[in-house]
Structure formats: C-alpha cells, structure tokens
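Since this is a predicted model, take the numbers as computed values, not measurements.
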Amino acid sequence: MTEQAVSEQALPVQAFPVQALPVQARKPFLYVVVCAAGIAADVSKLITAAQERDWEVGVIATPVAMNGFFDTAAVEALTGRPIRSAWRTPGDPRPFPPPDAVVAAPATFNTVNKWAAGIADTLALGTLCEAYGLGVPIAVLPCVADALAAHPAYQDSLIRLRGMGVRLGEPYTGEAGEDGGRPDFGWERALDLLER
C-alpha cells in the first residue's frame, strides 16, 4: 500500500453540511453624463441622491464641462472614482463597471442633437450612443434655453430619443423668474424616471 493510501484509509470520512458563504451583491452602477450648463455646478445633488438610493456612481463629463462647470475634485471625492472625459487607450483597464443605467444631466442642446443623430465624437456622446445599443435604461434632464429649444432640429431630436425609449424629464431653461431666482433643477427626477 502506498503512503497516501494508508493515510487516506486511516482518516475517517465525516459528512459536514456545506454552508454557502454569503455573496456580496454588487450595487447597481449608474453612469452620470454631465454637460456644460451652469446648473452642472450642482451635480453633486444627483450623485448624493443616487447613492442614497443605493447606486454606485461614475461620472462622465463632456470636455467643455470639465473646464470649470462643476467642482471635479469634489465629485471625485464623492464618488471615489476619477471623472472620465477622454477615451481610454486599448491597453488601459476600464475604470467603471458596465452601467446598469445612465443619466444625462444636465443635457445640453448640443449633446441632445448630436446623440439623436448618432454622433459619438466625445466619450460622453459615445457612452450615450452605446448605452442605447446595449439596452441600458437612460434618463435625461435637458437644460436648454427656450430660444434653442424652438429650433426644429432640437424638437426632432427629442422625438427620436423618445422613440428610442429614452426617458426625458421636463424641459428646464435655467432662466430666472420675475423674482430673479432660478427654479430648482430637480435632480432626483432623473432617478424617478429610471424607476418608473
């Protein structure tokens, strides 16, 4: 008999119930696409609201939005992740997991029109175009002045996005009221649109 056979024979075999280890469920991951509008300065409100609803958040900003439209250091501290604005090279790891949902807020005239036309010349637009193709739920809070919103191309873009199943929030012009104050942007509306 081999040494291994002797040791196996000498040890009694006992049946122990197998207990499954608890599996840590991954929180759903939300991509927040931020465009260059003045209201973007408050994007942390959306991030905080999403985190309170148990989302993990990664921010993708248009290149123009990265130039002072919001506090990038504060947003990175809040999410614990770098803000993405440029394409990664093929050898670079993906900094975010795949999205479970995408919110574009604030979404500008330029972004809405390019996205509806299928133009993906920035990471933000490429992300929006790809999310649609992957069937990922997308909510959008447009921030477009009335004069721009009157343009027929913008109206056509909204029709196309609705036809694609994109969940559009009410228009927000950002224009001051008679009292000089601006209306609340209602960041949480984007999350409500995802949950309907």
Side-chain angles (χ1 to χ4, degrees), residues 29-53 55-86 96 99 101-116 119 121-129 131 137-151 153-155 157-158 160-162 166-196:
F29 202 90
L30 178 67
Y31 285 11
V32 173
V33 175
V34 182
C35 301
I39 197 68
D42 292 331
V43 73
S44 61
K45 291 180 180 180
L46 172 59
I47 296 165
T48 300
Q51 290 169 333
E52 288 171 354
R53 295 189 192 191
W55 290 92
E56 279 193 61
V57 180
V59 174
I60 299 170
T62 64
V64 177
M66 290 293 291
N67 293 324
F69 280 85
F70 66 102
D71 186 338
T72 56
V75 165
E76 287 181 345
L78 190 57
T79 64
R81 298 178 181 275
I83 296 168
R84 298 199 55 208
S85 183
F96 299 162
V102 176
V103 167
T108 59
F109 177 82
N110 191 49
T111 294
V112 167
N113 286 325
K114 282 185 164 185
W115 176 23
I119 297 171
D121 60 356
T122 66
L123 177 61
L125 283 162
T127 298
L128 291 169
C129 289
I138 307 168
V140 179
L141 298 182
C143 182
V144 178
D146 286 339
L148 290 172
H151 195 287
Y154 180 71
Q155 296 304 316
S157 294
L158 294 179
R160 174 171 272 183
L161 292 176
R162 280 190 192 97
V166 173
R167 302 162 191 189
L168 290 163
E170 293 300 314
Y172 180 86
T173 65
E175 296 177 20
E178 290 180 16
D179 63 354
R182 297 189 187 284
D184 183 32
F185 187 62
W187 292 96
E188 289 192 35
R189 291 178 303 147
L191 302 173
D192 295 340
L193 288 168
L194 290 177
E195 292 171 359
R196 65 168 200 201

Drop me the distance from [X]'s [atom1] to [Y]'s [atom2], to the nearest 0.5 angstrom.
X: Arg189; Y: Asp184; atom1: CZ; atom2: CG; answer: 8.0 Å
X: Arg81; Y: Glu56; atom1: CZ; atom2: CD; answer: 5.0 Å
X: Phe96; Y: Leu30; atom1: CZ; atom2: CG; answer: 10.5 Å
X: Phe109; Y: Tyr154; atom1: CZ; atom2: OH; answer: 8.5 Å
X: Leu46; Y: Leu191; atom1: CG; atom2: CG; answer: 5.5 Å

Looking at [X] and [Y], what are the two nearest heavy atoms and their distance?
X: Ala65; Y: Cys35; result: CB-C, 3.6 Å
X: Trp187; Y: Leu141; result: O-CD1, 3.8 Å
X: Leu125; Y: Trp115; result: CD2-N, 3.6 Å
X: Ala61; Y: Met66; result: CB-SD, 3.7 Å
X: Glu76; Y: Ile83; result: OE2-N, 3.0 Å
X: Ser157; Y: Asn113; result: OG-OD1, 2.7 Å

Under a 4.0 Å N-O cut-off, is there an ion pair linking Arg167 with Asp192?
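Result for this pair is no, no salt bridge flagged.
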Expected output: side-chain Thr111 to main-chain Ala107 donor-acceptor under 3.5 Å:
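No; zero donor-acceptor contacts below 3.5 Å.
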Tell me if a side-chain donor or acceptor on Gln155 pairs with a main-chain N or O of Ala149 at a distance below 3.5 Å.
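It does hold such a pair.
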Heavy-atom side-chain contact between [X] and [Y] under 4.5 Å:
X: Phe69; Y: Val34; answer: no
X: Gln51; Y: Leu78; answer: yes
X: Val59; Y: Val43; answer: no
X: Pro106; Y: Tyr172; answer: no
X: Asp71; Y: Ser44; answer: no

Please say which of Thr79, Thr48, Val75 ends up in a side-chain contact (heavy atoms from CB on, under 4.5 Å) with Val57.
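Testing each of Thr79, Thr48, Val75 against Val57, the sole residue satisfying side-chain contact (heavy atoms from CB on, under 4.5 Å) is Thr79.
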